[in-house]
Amino acid sequence: QVQLVESGGGLVQAGGSLRLSCAVSGRTFSQYTMAWFRQAPGNEREFVATISWRTASTSYANSVKGRFSISRDTAKNTVYLQMNSLKPEDTAIYYCAASSSSTRWTSQYRYDYWGQGTQVTVSS
């Protein structure tokens, strides 16, 4: 089992920044892929970014490319999502996810473990 606990959400004005954290614990996950997804009211959960725990290789959704950055700190067992130039359309619950596969999947159905989510609200 892998446990994921997100933090860092909140209310921010458009153009502002937030950094989300995801604390990872449990079984050995050095070969895992980590990701952030988000879900706005009435919408499907969508892919935001993914990172290989072992290599730190990353992938991003086109909607956040150039504004968001995913990273991981292996010493702290934590994954981060730095969000800059936030827009009202970024408002959503953000979820951290882990996959036991080394492939950087963008589909939520490829991820085995999920955090409880953290709310991000961007005001205009």
Side-chain angles (χ1 to χ4, degrees):
Q1 282 288 82
V2 173
Q3 291 79 42
L4 308 173
V5 179
E6 302 101 331
S7 61
L11 174 64
V12 63
Q13 287 189 330
S17 298
L18 280 175
R19 188 177 78 159
L20 305 183
S21 299
C22 173
V24 187
S25 62
R27 65 187 300 175
T28 301
F29 44 82
S30 60
Q31 302 299 319
Y32 277 36
T33 296
M34 306 298 298
W36 288 95
F37 287 79
R38 66 187 183 186
Q39 187 169 19
N43 289 1
E44 293 287 319
R45 189 172 298 185
E46 66 173 1
F47 166 75
V48 175
T50 183
I51 186 168
S52 165
W53 192 270
R54 183 177 64 85
T55 68
S57 297
T58 61
S59 298
Y60 295 92
N62 288 334
S63 59
V64 306
K65 201 171 292 184
R67 299 188 299 123
F68 290 11
S69 177
I70 188 171
S71 62
R72 92 281 190 257
D73 185 328
T74 57
K76 295 182 178 180
N77 289 343
T78 301
V79 178
Y80 301 100
L81 184 68
Q82 177 66 44
M83 305 185 294
N84 299 327
S85 302
L86 282 161
K87 305 175 182 180
E89 51 263 44
D90 294 318
T91 295
I93 299 174
Y94 284 70
Y95 296 92
C96 179
S99 168
S100 56
S101 168
S102 60
T103 302
R104 298 197 308 276
W105 302 108
T106 60
S107 168
Q108 60 173 314
Y109 302 107
R110 294 289 188 172
Y111 287 81
D112 310 295
Y113 303 98
W114 293 85
Q116 81 287 351
T118 186
Q119 177 71 48
V120 171
T121 303
V122 184
S123 63
S124 57

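Since the structure is predicted, the reported quantities are computational estimates derived from the model, not experimental observations.
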### Message
Is there a side-chain contact (heavy atoms from CB on, under 4.5 Å) between I51 and Y60? Walk through the geometry before answering.
### Response
CA-CA 9 Å; I51 186 168; Y60 295 92; over 6 Å; no
### ring pair (Phe, Tyr, Trp, His ring centres under 6.0 Å) partners of residues 100-124, not counting sequence neighbours, each pair once
F37-Y111, F37-W114
### Task
In sequence, state the C-alpha distance, the side-chain angles, and the governing distance for T58 and T50, and then conclude on side-chain contact (heavy atoms from CB on, under 4.5 Å).
CA-CA 6 Å; T58 61; T50 183; over 6 Å; no
#### Entry: Derivation of the side-chain contact (heavy atoms from CB on, under 4.5 Å) call for I93 and R38
CA-CA 5 Å; I93 299 174; R38 66 187 183 186; over 6 Å; no
### Query
Is there any ring pair (Phe, Tyr, Trp, His ring centres under 6.0 Å) pair reaching into residues 62-103, and which pairs are they, with sequence neighbours excluded?
none
### Query
Hey, does E6 have a side-chain heavy atom less than 4.5 Å from the side chain of Q116?
yes
### Summary
So NZ of K87 and OG of S124: to nearest 0.5 Å the spacing works out to 14.0 Å
### Summary
Nearest heavy-atom contact between S52 and R72 is O-NE, 3.7 Å
### Query
Are any of the side-chain heavy atoms of L81 and M83 separated by less than 4.5 Å?
yes
## Note on the structure
Between S100 and D112 the two heavy atoms that sit nearest each other are N-OD2, 2.9 Å
### Query
Considering all heavy atoms of both residues, which atom of P88 and which atom of A14 are nearest to each other, and what is their separation?
CD-CB, 4.1 Å
### Message
Apply side chain to side chain donor-acceptor pair (under 3.5 Å) to residues R110 and S99 and explain how you reach the verdict.
### Response
CA-CA 7 Å; R110 294 289 188 172; S99 168; over 6 Å; no
### Query
Can you tell me if T118 uses its side chain to pair, donor with acceptor, with the backbone of G9 under 3.5 Å?
yes
### Message
Enumerate the disulfide (SG to SG under 2.5 Å) contacts for residues 21-119, please, sequence neighbours excluded, ordered by first and then second residue.
### Response
C22-C96
### Task
Provide the full list of disulfide (SG to SG under 2.5 Å) pairs with a residue in residues 43-74, sequence neighbours left out, each pair given once.
none
### Query
When you check the side-chain N and O atoms of D73 and T78, is any donor under 3.5 Å from an acceptor?
no
### Set of residues satisfying salt bridge (Lys or Arg N to Asp or Glu O under 4.0 Å) with respect to E89, sequence neighbours excluded
none
### Query
Is T121 close to V12 at the side-chain level, that is, under 4.5 Å between some pair of heavy atoms?
no
### Message
Is it true that S57 and T55 share a donor-acceptor pair across their side chains at a distance under 3.5 Å?
### Response
yes
### Task
Mind running side-chain contact (heavy atoms from CB on, under 4.5 Å) on S102 and R54 for me, showing each step along the way?
CA-CA 9 Å; S102 60; R54 183 177 64 85; over 6 Å; no
### Task
With sequence neighbours excluded, tell me which residues meet salt bridge (Lys or Arg N to Asp or Glu O under 4.0 Å) with R19.
none
### Query
Does one hydrophobic cluster hold both L4 and F47, with members joined at side-chain heavy-atom distances below 4.5 Å?
no
### Query
To the nearest 0.5 Å, what is the distance between CG (N43) and CZ (R45)?
12.5 Å
### Pairwise distance CD(Q13) to CG(L11) - rounded to 0.5 angstrom
8.0 Å
### Query
Any side-chain donor-acceptor pair under 3.5 Å between S85 and R67?
no
#### Entry: Connected via hydrophobic side-chain network under 4.5 Å: V48 and V122
yes
#### Entry: Heavy-atom check, side chain of Y32 versus side chain of V2, under 4.5 Å
yes
### Task
Kindly compute the distance separating OG (S17) from CG (L86), expressed to the nearest 0.5 Å.
6.0 Å
### Message
Working to the nearest 0.5 angstrom, can you tell me the gap between N84 CG and D90 CG?
### Response
10.5 Å
